[in-house]
Asker: 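Before I ask anything, let me first share the structure, which is written out below as structure tokens.
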Amino acid sequence: EDVTLQLKWVTQAQFAGYYVAKDKGFYEEEGLNVTILPGGPDVAPTQVIAGGGADVVVDWMPSALAAREKGLALVNIAQPFKSSGMQLTCLKESGVTTPADFKGKTLGVWFGGNEYPFLNWMGKLGLKTDGSPDGVTVLKQGFNVDPLLQKQAACISTMTYNEYWQVIDAGITPEQLVNFNYTTEGVATLEDGLYVMEDKLSDAAFQDKMVKFVRASMKGWKWAEENPDEAAMIVLENDETGAQTEAHQKRMMGEVAKLTAGSNGALDEADYQRTVDALMSGGSDAVITKAPEGAWTHAITDKALQ
Amino acid sequence: MKDTINLGQPVIAAQGLNLVFQTNDGPVHALKDVDLTIGKGEFVSFIGPSGCGKTTFLRCIAALEHPTGGSLTVNGMTPDEARRKRAYGYVFQAAGLYPWRTIAGNIKLPLEIMGFPRAEQEARVERVLDLVDLKGFGKKFPWQLSGGMQQRASIARALAFDADILLMDEPFGALDEIVRDRLNEELLKLWARTGKTIGFVTHSIPEAVYLSTKIVVMSPRPGRITDVIDSPLPRERPLDIRDTPEFIAIAHRVREGLRAGHSYD
Amino acid sequence: MKDTINLGQPVIAAQGLNLVFQTNDGPVHALKDVDLTIGKGEFVSFIGPSGCGKTTFLRCIAALEHPTGGSLTVNGMTPDEARRKRAYGYVFQAAGLYPWRTIAGNIKLPLEIMGFPRAEQEARVERVLDLVDLKGFGKKFPWQLSGGMQQRASIARALAFDADILLMDEPFGALDEIVRDRLNEELLKLWARTGKTIGFVTHSIPEAVYLSTKIVVMSPRPGRITDVIDSPLPRERPLDIRDTPEFIAIAHRVREGLRAGHSYD
Amino acid sequence: MIARGRGPLPRWLVPALFGVTLLVLWELVVRLFAVSPVILPAPSAIAARIAGSGPTLWADFVQTGLKGALTGWLIGCAAAVAAAIAVDRSPFLQRGLLPVGNFVAALPIVGIAPIMVMWFGFDWQSKAAVVVVMVFFPVLVNMVAGLKATDAMQRDQMATWHASYWQTLWKLRFPAALPFLFNGLKIATTLALIGAIVAEFFGSPIVGMGFRINASIGQLALDMIWAEIAVAAVAGSAFYGLVAQIEKRVTFWHPSQRRQ
Amino acid sequence: MNRVLPILTVVAAIVVLWYGAAVAMNRAWVLDQAARAGTEPPAFGQMVVATMTQERPVLPAPHQVVAELWKGVAGQAITSKRSLVYHGWITLSATLLGFAIGTAAGIALAVGIVHNRAMDMSVLPWAIASQTIPILAIAPMFIVVMNSMGVQGLVPKAIISAYLSFFPVVVGMVKGLRAPDAMQLDLLRTYNAGGAAVLGKLRLPASMPYLFASLKVGAAAALVGAIVGELPTGAVAGLGARLLSGSYYGQTIQIWAALFAAAIVAAGLVAVIGLVERVTLRRMGMAR
Ligand SMILES: Nc1ncnc2c1ncn2[C@@H]1O[C@H](COP(=O)(O)OP(=O)(O)OP(=O)(O)O)[C@@H](O)[C@H]1O
Ligand SMILES: Nc1ncnc2c1ncn2[C@@H]1O[C@H](COP(=O)(O)OP(=O)(O)OP(=O)(O)O)[C@@H](O)[C@H]1O
Ligand SMILES: Cc1ncc(C[n+]2csc(CCO)c2C)c(N)n1
Ligand SMILES: [Mg+2]
Ligand SMILES: [Mg+2]
């Protein structure tokens with residue numbers, strides 16, 4: 001049975017579980033032939049699945065829920081990432097020490113569906129993001145951490161497992177930085193989850209296939225958590241660009257393991273509710289306007305994890 | 001054979017022909033009320049001051065220019081239909097050789113287009129190159145030739161295929177007297193042999209008189225025909241016919257016509 | 001004033017001049033061992049069969065072509081130095097007008113380059129347009145003119161500024177007899193008035209004899225000088241000088257020279 | 001052959017008709033097959049979006065079209081013409097600079113954009129810089145070819161008048177190069193807009209056509225993406241048309257402009 | 001020697017300027033780091049060294065780029081994923097296919113436009129409009145659609161590449177095919193030459209200078225197209241992928257090396273076209 005998985009980003013340890021499952025034959029054991037499509041800056045998983053380019057995608061919940069409200073019926077079938085790895089990293093010398101200092105500063109943000117957690121947070125802080133005087137200036141951040149190094153922004157978005165370390169690698173010490181973690185700030189939203197199209201789920205054969213897929217994937221994730229270095233090497237082998245480095249992937253794997261720890265793959269309803277509440281709290285700027293119905297299911301994980 | 005040889009129907013018949021060019025500073029009346037009938041097998045020379053419309057008239061016949069008034073037929077058809085029947089061989093006032101083709105290649109061009117077999121093409125190229133005294137220059141490119149040689153190549157090109165109507169716009173302008181005499185003779189021979197109808201623009205009065213059965217004198221602003229002289233000379237014309245009194249008389253009449261055209265403006 | 005007028009030093013002195021073009025199918029010997037001296041204020045005509053090297057020789061004088069052998073000086077300098085002193089007015093065999101400029105614009109071009117004041121430019125354009133009978137055509141673009149008119153525009157352009165040496169390559173080839181006569185007279189007047197040195201290519205024997213103080217007869221393959229005829233005619237030349245016995249004698253000698261050149265190959 | 005149907009009307013009528021047909025077909029397909037608006041929105045939806053988001057679209061256009069693309073186009077084209085002349089001026093440079101110039105031929109925007117953002121910041125200056133790099137080569141190549149496009153006799157004439165290099169350039173070679181130059185300029189107009197939009201993918205303020213497209217992908221607001229694409233198409237075509245119109249005026253003498 | 005010396009001179013001049021710029025542009029970081037560490041800014045000599053050995057320089061020094069290039073080209077087996085030759089070939093193959101399609105389509109369209117009044121009026125405006133659509137915006141949609149139709153790999157990339165390269169060819173060739181002057185056309189009219197003959201014997205030969213200028217631009221555009229086309233396929237391989245991953249990890253030197261690799265490929269293509277141009281023009285007697 002063929003399954004196509006669309007990742008949210010390029011091949012890296014963030015997606016180690018899937019590569020491990022493929023490499024270690026977990027998918028094969030389930031009788032699946034899985035194709036993993038790496039993502040990239042201009043690949044929106046929602047768009048790919050809407051166009052029929054994939055059976056299942058890795059996406060962040062804010063973007064998936066927003067798409068659902070737009071009429072693209074995505075359903076979360078599993079949630080390998082328990083906690084959020086997103087943070088706002090600032091240079092101390094820019095004068096930011098608490099969220100109260102954001103006003104008037106320039107902040108780097110990822111767009112393309114990744115901006116929702118940030119917008120939501122700013123909404124909570126009561127800071128305007130549209131460039132009005134007593135708000136913050138938002139930059140659409142590129143792919144890298146240069147804006148911080150070049151001091152084009154006071155703070156930039158980073159992931160605990162990736163960009164943060166790039167800042168460190170560039171020669172800035174942790175003491176020179178201030179990190180605002182979304183979880184600590186109480187604005188965390190769910191990150192990498194597995195999503196499929198709702199209408200397909202009514203097909204028993206597809207359901208069955210997804211059960212096998214999730215089971216094998218979670219097996220992969222747990223293996224990766226236990227053997228982070230080997231998992232990183234597997235990722236490295238699968239990176240066709242040849243640009244990833246061993247050290248970076250091993251470290252990333254270590255950090256990612258912290259985020260997947262505590263998830264068996266099943267979506268925690270409380271986490272889901274927290275995410276929905278957060279996304280709806282923005283008032284007129286709210287990411288979603290009404291509580292979604294049927295945006296997740298335990299049907300797959302229930303069967304997969306028994 | 002003798003003089004007025006309007007055998008059969010007219011090949012070219014112009015009636016009340018007018019052509020006005022619209023230019024950035026007003027209209028130019030290039031041809032005004034031109035009436036002319038040319039019979040089959042005639043050799044007609046056009047002579048007249050610079051800018052009087054000789055080229056324009058030839059271009060009208062060849063359907064390269066469209067008259068703005070009057071009627072013009074060629075073999076009873078519109079010029080455009082005649083053009084489609086490949087009735088014309090045209091020697092332009094400037095040589096107009098394609099720079100990317102050798103001399104032989106340029107001469108071959110119409111032959112290729114008209115679908116002559118390859119061997120025939122070669123043979124014809126050789127023949128006309130010889131005719132215009134350019135043997136051995138076939139492989140040169142146009143810019144490697146002198147002005148007069150280019151002009152001869154362009155004449156060769158028009159003679160390489162057998163058009164019924166030959167239109168030649170000052171073909172011998174850039175040639176010396178001796179070559180010119182030789183080519184005049186060759187042209188007459190060709191004409192006698194093939195019975196082509198020839199329209200010929202020249203500035204040389206002796207040349208016009210020597211070659212033509214009919215001489216059309218034109219005058220400018222607006223371009224019109226001021227005199228049409230039917231030549232009483234016999235068809236067979238040795239070069240020394242140019243010293244006969246008839247010849248000198250016609251030449252005189254042409255010169256007077258030309259002078260009149262000039263004094264006009 | 002009378003005949004041989006080699007006043008002062010020679011303006012143009014060629015000695016053992018050779019020019020070989022390398023072409024795709026072998027070398028072409030365009031000029032072979034050419035010796036010629038032209039004094040200040042002379043009017044020298046070049047005559048010879050098509051392809052004998054007249055244009056090439058003129059181009060050598062104007063430093064547009066570089067001889068492969070022999071020596072050539074202009075006013076005691078190399079041709080290139082003379083060119084840099086703007087010693088030349090050159091009328092090319094083809095008109096070569098710039099299509100993006102009007103006729104007046106084309107004539108103004110060398111004046112702009114030589115830095116004439118604007119008012120003076122206008123005045124000169126008017127004057128030379130009148131001289132070549134193109135009054136009123138200043139605002140037209142080249143493609144709106146007949147072949148002869150373009151040629152006249154190109155003559156006007158070379159006459160618009162005062163070069164010491166005027167090189168003219170068949171300037172009157174595309175003109176009718178009457179205009180030609182008129183321009184011949186004008187040219188003689190200009191020459192008499194300014195004392196320019198003129199090199200003039202023509203295919204017309206009477207024209208050569210009528211205009212020149214010296215006639216150079218050339219012959220082709222390889223191009224060389226076969227005869228240099230110093231004209232005994234007076235400097236003052238009414239048109240009817242063409243009927244005098246001296247005139248006819250010179251014309252005869254030129255014709256013989258030409259013929260010899262032709263029979264050569 | 002000259003006058004047939006040459007009024008100003010048919011010139012735009014035919015493509016317009018073609019376009020309208022295309023739009024109607026598109027609308028029909030979307031409606032008949034009930035294509036999801038997150039895959040392909042209907043033209044009517046796009047039109048509604050355009051009508052409803054005028055100020056946003058305008059602000060984006062000013063940022064990307066005018067500040068980014070136009071500035072970059074002007075600088076890039078001027079630089080390319082200058083470089084072509086420099087190359088032409090000295091045979092030494094001709095042999096040295098041209099190969100190096102060819103080297104910049106295809107500096108891919110994907111690589112250039114992040115560097116420019118790093119050098120010139122997030123705002124339009126970095127987009128203009130990307131556009132400069134993008135338009136440089138087409139204009140250079142065409143200008144170099146154009147400067148060679150004079151014929152020997154025209155050059156000889158200039159030589160007999162002993163025209164200086166600059167006089168020859170200005171009075172002969174530049175006019176003769178114009179038909180080529182305008183080809184380069186026209187190609188550059190479309191490249192400029194693409195370049196400015198694409199460069200915004202690599203970092204930008206939160207205004208601009210590329211930003212909007214990128215942000216809208218995440219929101220699956222395909223009507224907005226298509227609205228921006230429509231603006232880009234209209235603005236780009238208008239810009240191209242303007243340059244073509246100027247070309248028509250200044251190269252009126254070229255055979256390609258005289259009706260054949 | 002005659003050909004090499006000028007290139008060397010220009011390159012040398014650029015390298016000198018470049019080193020200067022590298023020092024100037026990378027200085028800020030050295031100063032910042034010193035300030036952050038609370039130490040004195042380094043003296044000039046040390047400063048120069050410091051600006052040329054950074055891992056994430058604003059402008060890498062030439063030798064850094066060359067070293068990276070060398071590592072990418074000669075440092076590994078050419079089949080390795082870390083080899084620039086491997087990635088270069090992937091991009092080049094899409095470029096060549098795209099360029100071939102684009103050139104063929106461009107010439108065909110130009111011929112149609114010149115010979116057919118209806119096409120003249122309807123095609124060009126749409127060709128222009130097509131070029132104003134930001135590719136990076138529609139490329140993902142396009143790839144998704146192609147993917148669902150089962151077309152993968154080289155072809156979608158080549159199509160994007162062709163889409164970019166056909167336009168310069170159309171514009172150039174329309175002008176080139178219309179370049180013959182009135183007399184040259186009139187000559188063929190007197191022969192009543194058909195459209196094919198006018199095209200083959202006059203318009204095409206006369207358009208050669210335009211064609212080659214267009215081809216050079218088209219080849220460069222094809223390369224850009226191929227690289228852009230690599231992004232939405234997940235940027236798995238090719239120079240575009242290298243550029244992107246370099247950019248993603250802030251590895252400026254890697255970006256520059258990939259940029260140079262792309263530029264070398266482009267310059268190679270342009271040089272090949274230039275060579276064909278010279279040979280063709282010589283055979284046509286036009287190289288004087
Ligand atoms: N650029 C060139 N390359 C090769 N051969 C050339 C070149 N220019 C002229 N020739 C040759 O040199 C010879 C002399 O040419 P030139 O133009 O001087 O003749 P000409 O006397 O002016 O003839 P015409 O009266 O026909 O103009 C000819 O045989 C011609 O083929
Ligand atoms: N394309 C054009 N546009 C505008 N006016 C033109 C055009 N072609 C010719 N003319 C004008 O028409 C008139 C006649 O030109 P034509 O070429 O027929 O003269 P011609 O008798 O051949 O002269 P020549 O002996 O000088 O070649 C001239 O006044 C010329 O200016
Ligand atoms: C243009 C751009 N858009 C989005 C992201 C965000 N993103 C996609 S996957 C992922 C996980 C961390 O690597 C993150 C943060 C980015 N980096 N660059
Ligand atoms: Mg004429
Ligand atoms: Mg000559």
Side-chain angles (χ1 to χ4, degrees), chain B residues 55-56 58-66 74 79-116 139-145 154 157-158 160-161 163-169 199, chain E residues 103 107 110-111 114-117 169 172-216 273-288:
Chain B
T55 299
T56 307
L58 242 52
R59 287 173 59 83
C60 286
I61 298 177
L64 297 174
E65 212 75 72
H66 292 271
V74 174
D80 224 47
E81 284 161 348
R83 183 177 65 76
R84 266 183 241 120
K85 297 228 160 94
R86 291 181 169 150
Y88 306 111
Y90 199 119
V91 180
F92 288 85
Q93 193 165 0
L97 301 170
Y98 288 2
W100 53 85
R101 283 179 170 247
T102 60
I103 298 306
N106 267 288
I107 296 175
K108 226 177 274 174
L109 178 68
L111 306 177
E112 288 170 8
I113 288 174
M114 297 179 185
F116 284 76
K139 286 206 186 119
K140 295 252 189 299
F141 283 99
W143 49 271
Q144 297 176 320
L145 260 52
S154 128
R157 181 172 60 184
F161 59 100
D164 282 347
I165 303 173
L166 203 52
L167 301 173
M168 307 177 86
D169 197 349
Chain E
T103 305
I107 294 178
V111 167
V114 170
H115 280 261
N116 181 306
R117 221 181 127 67
V169 179
M173 282 305 277
V174 166
K175 173 82 51 81
L177 292 175
R178 285 187 175 149
D181 65 40
M183 197 219 298
Q184 292 174 320
L185 281 161
D186 284 347
L187 182 70
L188 290 187
R189 277 177 68 78
T190 66
Y191 305 151
N192 189 34
V198 175
L199 182 67
K201 303 203 183 290
L202 175 55
R203 291 192 188 274
L204 275 180
S207 70
M208 283 302 139
Y210 290 88
L211 174 66
F212 285 108
S214 304
L215 287 185
K216 287 178 194 167
I273 296 171
L275 198 73
V276 176
E277 175 180 22
R278 271 205 297 285
V279 171
T280 313
L281 291 190
R282 181 161 321 134
R283 287 188 53 186
M284 287 170 66
M286 282 160 120
R288 256 177 280 175

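Letters A, B, ... are given to chains in the order of the sequence lines, protein chains preceding strands, and every chain is numbered from 1.
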Asker: With a 4.5 Å heavy-atom cut-off, do L202(E) and W100(B) have their side chains touching?
Answerer: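 A side-chain contact exists here, since the closest heavy-atom pair is under 4.5 Å.
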
Asker: Report the option among G96(B), A158(B), P110(B) that has the most heavy-atom pairs separated by less than 4.5 Å from atoms of chain E.
Answerer: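 That would be P110(B).
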
Asker: Are F92(B) and T190(E) packed together at the side-chain level, in the sense that at least one heavy-atom pair is separated by less than 4.5 angstrom?
Answerer: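 Contact flag for F92(B)/T190(E) side chains = yes.
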
Asker: Using the side chain to side chain donor-acceptor pair (under 3.5 Å) criterion, which residues pair with K140(B)? Sequence neighbours excluded.
Answerer: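 Here the qualifying residues are T23(C), D25(C).
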
Asker: Any donor-acceptor pair under 3.5 Å linking the side chain of R189(E) with the backbone of L64(B)?
Answerer: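 Not at all, since once roles are kept as given, no pair shorter than 3.5 Å links the two residues.
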
Asker: If I measure from the heavy atoms of chain B, does A197(E) come under 4.5 Å with its side chain, its backbone, both, or neither?
Answerer: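 The side chain, not the backbone.
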
Asker: State, with a plain yes or no, whether a side-chain heavy atom of M183(E) is found less than 4.5 Å away from one of Q93(B).
Answerer: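 Contact flag for M183(E)/Q93(B) side chains = no.
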
Asker: Check each atom of A163(B) against the heavy atoms of chain E and say whether the ones under 4.5 Å are side chain, backbone, both or neither.
Answerer: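 Neither part.
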
Asker: Does any non-hydrogen side-chain atom of N192(E) lie less than 4.5 Å from one of I113(B)?
Answerer: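 Of all side-chain heavy-atom pairs linking N192(E) with I113(B), none is under 4.5 Å.
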
Asker: Restricting to ring-ring contact (aromatic ring centres under 6.0 Å, His included), what partner residues turn up for Y88(B), sequence neighbours left out?
Answerer: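 None.
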
Asker: What distance separates E112(B) CD from Y191(E) OH, expressed to the nearest 0.5 Å?
Answerer: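 One finds 11.0 Å between CD of E112(B) and OH of Y191(E).
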
Asker: Answer yes or no: is there a side-chain heavy-atom contact under 4.5 Å between L188(E) and Y98(B)?
Answerer: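 Yes; the side chains approach each other to less than 4.5 Å.
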
